Every structure is written in structure tokens, then in C-alpha cells.
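Worksheet: the structure to be examined is printed underneath.
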Amino acid sequence: MRRSNMLTLFLPVVLSMAIALTGCGGNNSGNSKADSSNGGNTKGTTDNAAADNTAAKSDIDLSKHVNLNMYLIGSPAKDYDMVLAEVNKKLEKDLNATLTVNWVGWADYGTQYPLLLASGEPIDLIYASTWTNFYSNARKGAFMAIEDLAKKYAPKSLAQITPDFYTQTEVDGHLYAMPAEFYQYGDMGYIVRGDLMKKYGLTAINNIDDYGKYMDAVVKNDPQLDPSGQISSSGGLETYYASSKGYYNILSSQFTPFYVNMDDPSAKIFNLYESDGILDYFKKMKEWGDKGYWSKSILSNKDDKMFKEEKSASILHNQDSWSGAYMEHPDWDVQFYLNSKYTYKTQAMQDGMAVPASSKNPERALMFLELLRTDRSYNNLLTYGIEGKHYEITADNKLRALDLDGFAPDGYCSWGFKAPELRYEVVDSPPNIGDVRKALADRAKENPYALFTPDFEPVKNEMAAVTNVVQQYSFPLNYGYVKNPEEGLKTLVSKIKAAGSEKIMAEMQKQLDAFIAANKSG
Amino acid sequence: MVKRGFLYEIRKNRTLFLMALPAVLLILLISYIPMAGIILAFKDYRFDLGVFGSHWNGFENFKYFFNSGTGLRVTRNTILYNLLNLATSQLFAIMIAIFINEMRGKYFKKVSQSVIFLPFFISWTIVGVFVYNIFNYETGTLNSMLKSLHMDPVNLYSTPTVWIFIICFFNSWKWVGYTSVIYIASILSIDAECFEAAEIDGANIFQKVFYITIPSISPTIFIMFLLNIGRILRGDFQMFYQIIGNNGQLFDTTDVIDTFVFRSLLTSGDIAMPAAATFYQSVLCFVIIMVVNGAIRKTRPDNALF
């Protein structure tokens, strides 16, 4: 009796499961078929349209209203919703679409971003860049190849991409993102408060040790401020140490210690933790940590607005963050000091926008992107806010920010669709911004590895293990939490080796050598 | 006994089936249908090929888990945490259920029950902020208090062992109200005559609790125990991640399977590898629950789940 009861209970479950499963499977294959035939269609129409470019726009079907789902990185402005409403008003008229913007916070982008792509949630546009692992995501099919679609739906943007940026963005012969047509000589430097510098009698920060002096002065004179304001995901000064030595993070991947020395023409990949001088660096960090240059609880701190909210005295970031902070707090006279031995022209995919493979409306997404990149009214809204409320244009065609609390210019992940010809120089931007740009350009070095995009697939298990080891053993070393740095470094090195660092280095060296050989012949 | 068909069964109990339908559908939707995703663990997943289209790659996805030797450590941590949390939170829940049941003032009873229940609604993210603000070295409540008492501040964020207790405490704090509701319901269903008879025989309150209440709710205790054993390899990811975050110093005692997998793969964006870890958890859970249930069925057949 008992048994038969169980059977009757399970039978419907199993049956309906089978039905549901087959239903799912059927649906899925149907979907993918529809997709591929769609792709074919568009190709056909583009070819036709190519003959008559002017007619291209008119045959686009906008009759169905769609909502575009866009993901950006950071946190929105106070008035972002107001600006978005403005955008939606225009968008409704122009494309019969509305836009929703979702945010991935700074403290969590490393973790949330890949999950977003993996979740299959329909996303139409997403910020993409080297530091969000654009290349490996693209290789795994996270993004839609847009080279054909863009011919019809975003022709002007496609034409804007210069050939070298196009090749840099290309992955396996496909274009998976629209790189922002903008470059600068990027560097992560020291953003510190000029008023405090003056108070402490410091004139400049030229290297890590000078930064240490600054933090020391903060500890002594302004104990209410956290000297460095770092957060759990930043990983300390390690990357600063590496780039000040002229090392280049060859894998462009977070949480990996694999570098190439730019002064070494042989392009040999090495493990930072086994390089000369790293122990002295960790010892210094131990000393600094003990002196209280940063919180003893950093690894659990997720507050990424400490500098702007006057809780910390410095922040480690780039020149854009610097001008943003300068304008928000003019009385602080915020300064930016360079750190790296060399600067490189930012790569094409330093900033860009991609259409995830999960997008339901790639056509409309690209049309919207086209507007963002080429139509001043759209670009201004998401970059600078609402004219008259958040900014005004002065007589000499500069931009004056009116409400930094409400919407600070260029502050909300508008970098993915930066268009040089639509940009304004900002009135209140730091007066020495030209000098800083010049200093950055002076240190510039042609980067022979800019186009190298490693394929991690053969070593993905080892990469996972190394990523884990770095977070567990190197973060505490970088913050001087480990009592004996010498022992700590030994543990770190042995753990990393056990995790397979040598296999990764061998594989990456192979790929890098092949890349260099191909480039020489080409 | 005449053997009747499946349809007859449905017709006879159609009201009951109807009442169970939403729950059954929900379980189907949330627990059974996604089970097909298990195959991901053995595939080289690509976003564009999808779950069914991606290519098979054997046990490749499981390798990272055991490669660096952390797999066993986190498995151990997960099991120990769950056992500890199971013991403490159930114990507290039973105690609270008994206390609440013994309370006489109607309003006081309701208010205290609600207050105990409240943490259940607070998300781990918020709890994580609480924890950071209580325990952080420079400005935390704990150290401010210690300093004002002229004692040395403590740096808990580099003391792994205390986190076992902190995590255990917050876990109980959050769940105890919710679990105790189940026990309260089960205490209420005890026949009042038993208590009256005991009172007449002169039993004191402890004797009533130990000889009537606890034996009467023991089936519930077993069911709760079995249900929780089934989750023994699942770390409460939100809890560990929000409270501990990326703090490598504490991993030796606080890293569980879920956080380890999350951290290892956060830069790779590969979803087949976490699927492999989940598969590993599920298989072990299945084995454990079969063994425990089997053992209970042998000794106390009435209390077994199936």
C-alpha cells in the first residue's frame, strides 16, 4: 500500500517533468533557429540597403514599442531618474522605445558583471571594457557580433571607428562592441587633497614613498580622516608598485600577478611575487599598515565614496576621477600625481558598449547607441545632465556645471559612448589639467602588446585557482596584515605554484610569442 | 483491498489535490525543471550555444575545485558550520517556543514573538553593514566601547576563530524567530489534558517541559533536523559573503563551498564551473540525506521522512 502510494505520487511529477523538459527543449531549438534566420535576413537587407544608403533608415520597422535594458557601472546621480525621463521622452518619439538603466556598483562589479551575462537576463546594452574582461567574455559568446547589424542600424558609429581601434576590438574576426572613439594616456595615480598637502608642507608626490609621507602626515595631523580610503576590491598598492617599475599586466586580468617588463625586449612573462624587490615592498606595506595608513578592516569595507564624503584623504584612481573630485570640492584643491614609469595610449576597449547575446532588441539597441554617439542632445543628457539645470554652455563654448550634487559631468559611466567631437572642456576643471595631460603624454610608450588578447580557455582551471589564492594570500600581505611578510610571501608563492601558475605562464608565453611572431610577419 | 487507478485517486481526493496544486507546481517550476541544468557541469558552456548546444567536456569543470586542495577545506567548513548552526538555531528555537508558550500576558507574548521574528526580514546585506560597523577596528562600536573603558581595542578582522561564533550568533539571531513558529504550532497541538493531569499530579514546570512538551514535539524536531541535513553542504552564501566579504585572513575558518566557488570564478565569467560545484554539493547532500534518513527509519520508523 505504502509503495503504491509513493508511485502514484511520483508518477505525475515525473510525467509533467518530462513534458516540461521536452517543451523547454523544443522551445529552445525553435528560438535559436529563429535567431539564425533573423541574422540571415538582416544580412540580406543590409546588402540591399548598401546600394541605396538613404533608403536604409526608412525600412526599419519601429512599430513595436520596446524597452531597452542598459547596464552601467558605478552608482547613479541623484537626479539620474530626472535625466532618464528626459531621455525617454525623446526616445519614445525617435525610436518608439524607452530606456531602463541598471547599475553595477564599484565594490561589486568584478563579481556581479559576469553573473549578469551568465544569468541570461535580457540586456540590450552593457558597458564593456578590458577591465570588465571584455575579451574573454566575448570569446565565450557573451556578446552579439554586431558588424553586420551595425551597417544598417548604426552606420555612422561604425564609420567612426578607426582601423586600429577596429582591429583591437575584433575578436576572432567579429566586432562584439563599439569602442568609444576616444583615447588618452591613461594612468592610475594619486588623487590627494592640495589643501592638506600645503598644510603638511608637501610639494609633490612622485612615487609610492612620497605617497607614504602624505599618508603619514594625515595620520599625524588629521586622524579623523582615513589616509587612503581603499575598499575591499582594490587590492592595495601592488599594481602601483608594479607599474612604477615599468611592469605591464600582460593578461589585463584582475587578481593575477603575471607581468612583462616593458624595458625587457624579450617579452618574458614573470610572476610578480617571485620578482626582485617584492619582499621589500611587502615589508614596507607591513610597516605602513602598522602605522595606520589604512584601516585594519579594509578587506570588509565596501564604502566607495569615502573621499568625496570627506572620510578619507586620498584615493587611488585616474585623471577623470581627479577632475570629478576637483570640481565637486573646489575648496580642497584636489591634486593628481602620476605614478607609472610609462603610460600607454588607452586601448580601444578601455571603454565601449556591447550588446549582450541575451538582447531581445539588438536593432533598437544599436540605433540608440548611434544616437548616443552621434546626436549631441542624447550624448549631453547622459554625460552632462539637463541643460540649464545641471550645466550651461558658456560663450566660449565651455561647459559649466551647475549642480554637482544632482549630476556631475561625465560622472556616471557615460564613458562607453564618449564622442570626442561632442565633448566640452569644463569651465571649472582643474587649471593644471593641461600640464597633467602633457606629463602623461611625456611618459607615453608605444605598447607592443596592446593588441594581445590572451585566450584563457586552456588554463581556466588554473586561472580560477590562482584568482582564489591571490585574494586569500596576497591581499593581506598588501595591507600588511601578515605578521611576518617573509613567511607570508613564501606561503603565497608556494600556494600560487600549487594552483598552477607555471602552467598559466607557459601557456600565456606561448600565446604571446605566437602573437609577436604574427605581428612581425604581418 | 481493491486496487484503484490513478484517476480514481484524483477524483476521490480532488479537493486535496487542488489545494496541493500550487505548491506542487512551484516545486516543479523551481526545483525540478532547472534540474536539467545539471548537464552544464559536464559541458564547455558558451553563451551563444546555450545549455543544450554547448559541447561536452567530461570532468574538466570539476578540476579547479580540487586542484589547489581548497576543495576539501571548504567542504569541511561547510559541513561544520551547518552542523553548528543546525544545533544552535534549533536549540534556541525550541527554547524560545517553550518560553513563548509559557508566557501568560497576551500582549507581551505577541510583542516578544514579533520582536524575535523581526530579524528574519532584514537582508544579509544590511546585517553585513551592522557587523562591519560593530567590529571594524577604527570606528566600530565594540572598539569605541573598549576604548572608553580604557581597554585595548581588538582587531577581530584578523582573528579567524571568533568569526565562527559571530557567524553562528547572527545565523541564530536571524532564523530563530522563524523556526520557533513551527515549534510553537507543534506545542499548541499538544493535548491540554496532558498538562492538566500533570499539574494535578504535582509536576513542576520543568517536569512538564521535559516529560510532556519535548517528547510531544520530537517528531517535529526530527523533521526539522532531516530537512536541514539536506542542506548541509549548502553554505548560506549571502550570510558568508556579506559578513566576511573578500577578507582573506578569515578564509581558513569562514570559507564555505559557495563563497569559494564564487570567488574563484568571479573574473572568469564561466558558468559551467560553478555548476560543477553545485553538482558536487547536490550529490553529497543526496547521499547524506539517504544515509541519515535510513538510520532514523531503522531506529524510529515513525519519524523518518520517507
Side-chain angles (χ1 to χ4, degrees), chain A residues 1 4 6 8 11-13 16-17 20-21 24-25 28-29 32 110-111 113-115 117-118 133 136-137 140-143 226 232-233 253-255 292 295-297 299-302 356-358 456-457 460-465 467-469 471-476 481-482 495 498-500, chain B residues 1 3 6 9 24 27-29 32-33 35-36 44-53 60-61 63-65 67-70 128-129 131-132 135-140 155-158 241 243-251 255 260 262-271 273-274 306:
Chain A
M1 181 63 212
S4 74
M6 285 288 282
T8 43
L11 192 65
V13 172
S16 40
M17 200 178 119
L21 276 185
C24 264
N28 235 8
S29 58
S32 55
T111 48
Y113 191 90
L115 286 181
L117 294 175
N133 291 325
S136 67
N137 284 329
K140 280 194 211 117
F143 305 121
D226 182 300
S232 61
S233 56
S253 171
Q254 252 198 318
F255 310 131
S295 158
K296 292 209 164 30
S297 324
L299 290 173
S300 298
N301 180 22
K302 294 191 176 181
S358 61
F456 295 122
E457 205 52 31
K460 64 176 185 177
N461 279 304
E462 288 74 16
M463 284 296 281
T467 304
N468 182 49
V469 169
Q471 289 175 84
Q472 177 166 3
Y473 296 98
S474 105
F475 278 28
Y481 293 161
V482 180
K495 291 276 178 191
Chain B
M1 182 140 197
K3 232 183 160 200
F6 176 61
E9 191 72 27
V24 171
I27 297 261
L28 265 182
L29 198 69
Y32 278 86
I33 293 176
M35 221 187 268
D44 176 17
Y45 182 75
R46 287 184 49 96
F47 295 106
D48 51 350
L49 294 177
V51 175
F52 297 98
E60 192 61 31
N61 294 328
K63 274 194 187 148
Y64 77 97
F65 196 72
N67 250 359
S68 48
T70 17
V129 177
V131 173
Y132 180 73
F135 295 119
N136 85 64
Y137 186 79
E138 285 80 12
T139 54
N155 187 3
L156 292 184
Y157 277 98
S158 62
Y241 182 66
I243 293 185
I244 304 296
N246 285 331
N247 198 336
Q249 295 165 287
L250 308 179
F251 286 165
D255 212 10
F260 163 68
F262 179 74
R263 214 179 41 249
S264 300
L265 303 176
L266 63 87
T267 51
S268 78
D270 193 303
I271 70 167
M273 287 153 88
F306 50 88

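Below, chain A is the first sequence line, B the second, and so on; all start at residue 1. Source: prediction; values computed, not measured.
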Could you measure the distance from the CG atom of D44(B) to the NZ atom of K140(A)? Nearest 0.5 Å is fine.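 Rounded to the nearest 0.5 Å, the CG-NZ separation comes out at 9.0 Å.
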N247(B) CG to Q471(A) CD distance, which is reported to the nearest 0.5 Å: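 Reported to 0.5 Å precision, the distance equals 11.5 Å.
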So which part of [X] gets closer than 4.5 Å to some heavy atom of chain A, the side chain, the backbone, both or neither?
{"X": "N136(B)", "answer": "both"}
{"X": "L29(B)", "answer": "neither"}
{"X": "Y137(B)", "answer": "both"}

So which of S295(A), P476(A), G500(A) has the biggest tally of heavy-atom pairs under 4.5 Å with chain B?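 So the answer, after comparing S295(A), P476(A), G500(A), is S295(A).
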Among the listed options E462(A), E457(A), K296(A), the residue most often paired with chain B at heavy-atom distances under 4.5 Å: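 So the answer, after comparing E462(A), E457(A), K296(A), is K296(A).
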Close side-chain approach of F135(B) and S297(A), heavy atoms under 4.5 Å: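 In short, these two side chains do not touch, never coming nearer than 4.5 Å.
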Which bit of Y113(A) comes within less than 4.5 Å of chain B, counting heavy atoms only: side chain, backbone, both or neither?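 Contact with chain B is absent: no heavy atom of Y113(A) under 4.5 Å.
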Given a strict heavy-atom distance threshold of 4.5 Å, which part of Y481(A) is in contact with chain B: side chain, backbone, both, or neither?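 Both parts, backbone and side chain.
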On a heavy-atom basis, which atom in L299(A) and which in G248(B) lie closest, and how many Å separate them?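 In this case the closest contact between L299(A) and G248(B) is CD1-N, 4.0 Å.
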Between N461(A) and Y64(B), what is the shortest heavy-atom contact and its length?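 Shortest heavy-atom contact: OD1-N, 2.9 Å.
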